[in-house]
Amino acid sequence: MNDQAALLAIGKEFEISVWNGNSSDYCSWPGISCSSNNSFVERLDLSSRGLQGNVTLISELKSLKWLDLSYNKFHGMIPPALVNLSELEFLDLSFNNFGGSIPIEFGRLRNLKALNLSNNLISGVIPDELERLEKLQDLRLYSNMLNGSIPLWLGNFTSLKVFTAYENELSGVIPDKLGSVSELKSLNLHSNSLEGSIPESIFAMEKLENLVLTQNRLTGFIPEAIGKCKGLSSVRIGDNNLIGGIPREIGNISSLTYFEANNNNLSGEIVMEFSKCSNLTLLNLASNNFSGTIPLEFGLLSNLQELIVSENSLFGDIPTAILRGKNLNKLDLSNNGFNGTIPETICNASRLQFLLLGQNSIRGEMPREIGNCTKLLELQLGSNYLTGTIPPEIGRIKNLQIALNLSSNHLHGQLPEELGKLDKLVSLDVSNNQLSGSIPTALKGMLSLIEVNFSNNHFSGPIPSFVPFQKSLNSSFLGNKGLCGEPLSASCGGLNDSARNAYHHKVSYKIILAVIGSGLAVFVSVTVIVLLFMMRERQEKAAKDAGIAEDESSTNPVILAGNVFVENLQQAIDFDAVARATMKDSNKLSIGTFSTVYRADMPSGMTLSVRKLRSMDKTVVNHRSKMIREVEKLSKLCHDNLMRPIGFVLFEDVVLLLHQYFQNGTLAQYLHDSTKIPDYKPDWPTRLNIAIGVAQGLAFLHNVAIIHLDISSGNVVLDSNFTPLVGEVEISKLLDPSRGTASISAVAGSFGYIPPEYAYTMQVTAPGNVYSYGVVLLEILTTQLPVDEAFGEGIDLVKWVHTAPARGETPEQILDARLSTISFACRKEMLAALKVALLCTDSTPAKRPKMKNVVEMLQEIDQN
């Protein structure tokens, strides 16, 4: 079988729809590269396409040097027939569902330089037959079910640079012979059952850059020879049983960036030689037996972002020298014996987000300067010997979100009403102090509060009527003799009339102030958002005033640049016709946050979908060459679930991106306006495939470090087979070529899809993308709009779904009944998908899964 016939057979087997062009020009098909004379296929890249089928057919491409089938749905045994690819240098089968053992036949692939079988279901031992792969430079076997020991013969691979076999069931010791691998740069064996010591020999060749051995059963000392590896960047040896101290030779590693040795039995003092590692970003020595003080020299570590030394036996003052570091993000000194007072300079580290000082012997009062920690997300000061009152300045830490813990101290006086300004705070604990007075009604401003603890103080009076308080356990308020009201059983009826009137007069006054304050806050928030959207409208109007007239008879615009990337479409596309089509309102297909989409009929009979970008600050002309390069790069992004531009047109300050036209429209139309789709019938398997496809497209983007700015059902296009294509991908790169996406002067996202954290971070992130995808998945499951007045005031689709149990509704009741009642199997799959959607829309970004994990969860639903 020749290469042409083999590719046609492979395309048919894998159902690759894009391989249906001119069969004689197969070297131009997506994912295929041929030799210089176009005689033989040398490279086949079919990664991230959701493919399944018989991989054996690929073994007919005898000249293949590069084969990438990663991120697909292939399953079953790895075909031994792949050994027929005798020229193969690169083989990547990672992120599939291959099972069985590693084929011993792979030992005959004598030209193989890189082998990646990671993230499959492969079991058994690493076969000795792989010893014949003498040219091997990169061996990746992580996230499987491999057992047995690490082969001694790995030490014979003098060219091996990378060996990763983490998250398996490997046992035994790390072979001392690995030290013979002269080129070894990366060794990652975490999460296995390895025993014995860290071999000193692995540092002998001085080439090692990354060492990850966490979560094993390693014993013994950290070898002094570690200091020989001047290029060592990352050392992660936590969660083992290592003993002894940190060798002072650690100071020889000038390139050291990460050092993690937490959860061991290390002891002695923390060596000052760490201060010589000028690039050190993270130092984690938590849960060991270190004693003494933190070296003053650590103040020299200007790049240090995280210092974690919790659960040791350290003492002395809080190290003020470290606080001078402008990059310090996390300081965790908890569970030690630190004494002295909290320094007034505690917030000199302008980026400090986590300050964890609990379970120490810190004395004195909380400094008012604590209010300068405006970026703090978590403040833990519990179980110390703090005295005095809680400073009202603490209310200035508006970003405080995860926790404020002041419990088990000697604080007295009243709770400051300024605490009510912490509207993002989730957990508040002031228990076991000597606080007195009433619980201020101003605390109702803590809109995100979930966990509270006021127990064992001297509070009195009624507990304010506030849902988080009423939903708390009564233990959260016990130990306050004068406290009454829900959730305590003690009623507040015992107050005499004059005391009750005085109390209610005081409370009413505070409530009025709180309402006014809340109203002002809401007014300011709404005003900001309205102003941003008014800016958008002014930009559109400015674009029209600049000459983009709606009149069809207007003169042709002057085309500054244009290109069509698909060669056989170049004659069919007329740039003038494209530009004129965007001047007519009647051609509008949809309006997005950053662009408007038009239909453009070409004189050749071809129909295009044209996306007109909303240029910010008229930067397009000034950065034309950069923008063109970005469009050309994006046109080469190869994934079945991405809508790639097939060309572009520039005129004046307007950017037009050309796409294929799909009659099935958008996912939003499919879900909410199905009258436009012929023969529409609600169909759960189709919707599940759409959900998986969108997730795969976003996972691919995240894998290539692209964050989408506006994920919504309106930005997902459906082709003739209802395969979803994520659109507006190019917006993240082209919105403002002069500044990048971090400083975009517009609301990023569509209403109902914007993650809650965006309101105060104004940053577009990967976890934010996951949230937006979760909203799309909820749309698919419920057929409800993301924002609907029927949900109630201030309630969107996410809140409506998450609060279903509180309304007495079962999960089944919020699903689209036209789908969930078809069969038990459909209902079961939809409920499983609903769990995924709930994970994606968790209010805490860190708790949301990554998109690649979302893909895996949905694929598992599809396969069961």
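The chain is numbered in sequence order, starting from 1. Just so it is clear, the values below take in all heavy atoms, side chains as well, and ignore hydrogens, waters and symmetry mates.
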Checklist line | Distance, nearest 0.5 Å, that separates CG of Leu698 from CG of Asn641 | finding: 9.0 Å
Next item on the list: With salt bridge (charged side-chain N to carboxylate O under 4.0 Å, His left out) as the test, would you mind laying out the steps for Asp585 and Lys588 before giving the verdict?
Entry: CA-CA 5 Å; Asp585 276 344; Lys588 280 184 184 176; 3.3 Å; yes
Checklist line | Verdict with reasoning, His672 to Gln784, per side chain to side chain donor-acceptor pair (under 3.5 Å) | finding: CA-CA 8 Å; His672 311 302; Gln784 299 284 353; over 6 Å; no
Next item on the list: For Lys471, check side-chain contact (heavy atoms from CB on, under 4.5 Å) against everything at least two apart and list the hits.
Entry: Val467
Margin query: I'd like to check the ring pair (Phe, Tyr, Trp, His ring centres under 6.0 Å) partners of Phe95; sequence neighbours left out, ordered by chain and number.
Written below: Tyr71
Next item on the list: Tell me, please, which residues at least two apart from Asp719 pass salt bridge (charged side-chain N to carboxylate O under 4.0 Å, His left out).
Entry: none
Checklist line | Pairwise side-chain contact, Met602 with Val578, heavy-atom cut-off 4.5 Å (strictly under) | finding: yes
Margin query: My understanding is that only residues two or more places apart in sequence, or in another chain, count here; which of them pass ring pair (Phe, Tyr, Trp, His ring centres under 6.0 Å) with Phe700?
Written below: His639
Note to self: Assess the residue pair Asp816 and Arg687 against the criterion (salt bridge (charged side-chain N to carboxylate O under 4.0 Å, His left out)); give the C-alpha distance rounded to whole Å, side-chain angles, the decisive distance to 0.1 Å, and a yes or no.
What the structure shows: CA-CA 11 Å; Asp816 186 341; Arg687 290 200 192 185; 3.5 Å; yes
Margin query: Using the rule side-chain contact (heavy atoms from CB on, under 4.5 Å), only one of Asp574, Ile573, Leu656 pairs with Leu608; which is it?
Written below: Ile573
Margin query: By the salt bridge (charged side-chain N to carboxylate O under 4.0 Å, His left out) test, which pairs, at least two apart or in different chains, include something from residues 833-845?
Written below: none
Notebook entry, point to check: Can you check whether Phe575 reaches Val564 side chain to side chain, under 4.5 Å on heavy atoms?
Noted result: yes
Check: Residues in side-chain contact (heavy atoms from CB on, under 4.5 Å) with Ser772, at least two apart?
Finding: Ile711, Tyr753, Pro755
Next item on the list: Can you sort out the partners of Glu15 under side-chain contact (heavy atoms from CB on, under 4.5 Å), two or more places apart, ordered by chain and number?
Entry: none
Margin query: So, applying side-chain contact (heavy atoms from CB on, under 4.5 Å) with Leu589, which one of Val597, Thr596, Val717 is it?
Written below: Val597
Notebook entry, point to check: Taking all non-hydrogen atoms of both residues, which atom of Leu121 and which atom of Asn97 are closest, and how far apart?
Noted result: CD1-O, 3.9 Å
Next item on the list: Hey, could you give me the CG/OG1 distance between Leu778 and Thr783, rounded to the nearest 0.5 Å?
Entry: 11.0 Å
Next item on the list: Check the surroundings of atom NZ in Lys850: do more than 12 heavy atoms from other residues, nucleotides or ligands lie under 6.0 Å from it?
Entry: no
Next item on the list: List for me each residue that meets side chain to side chain donor-acceptor pair (under 3.5 Å) alongside Ser604, sequence neighbours excluded, and say none if there are none.
Entry: none
Note to self: Between Thr723 and Asn721, do the side chains contain a donor N or O and an acceptor N or O under 3.5 Å apart?
What the structure shows: no
Note to self: Is there a side-chain contact between Val836 and Val854 in this structure, where contact means two heavy atoms from C-beta onward sitting under 4.5 Å apart?
What the structure shows: yes
Item checked: Residues in ring pair (Phe, Tyr, Trp, His ring centres under 6.0 Å) contact with Trp684, at least two apart in sequence or another chain -> none
Notebook entry, point to check: Passes side chain to side chain donor-acceptor pair (under 3.5 Å), Asp601 versus Thr607? Steps please.
Noted result: CA-CA 5 Å; Asp601 294 312; Thr607 301; 3.0 Å; yes
Margin query: Just checking His702: does its NE2 atom have more than 12 heavy atoms from other residues, nucleotides or ligands closer to it than 6.0 angstrom?
Written below: yes
Note to self: Suppose we screen for ring pair (Phe, Tyr, Trp, His ring centres under 6.0 Å). Which residues come up paired with Phe14, at least two apart in sequence or across chains?
What the structure shows: Phe74
Notebook entry, point to check: After noting the C-alpha distance and the side-chain angles of Arg599 and Tyr661, does the key distance pass the side chain to side chain donor-acceptor pair (under 3.5 Å) rule?
Noted result: CA-CA 8 Å; Arg599 173 184 173 130; Tyr661 175 76; 3.3 Å; yes
Check: Which residues pass the side chain to side chain donor-acceptor pair (under 3.5 Å) test with Asp45, sequence neighbours left out?
Finding: Ser47
Next item on the list: Return the set of residues passing side chain to side chain donor-acceptor pair (under 3.5 Å) with Asn120 (not counting sequence neighbours), or none when no residue passes.
Entry: none
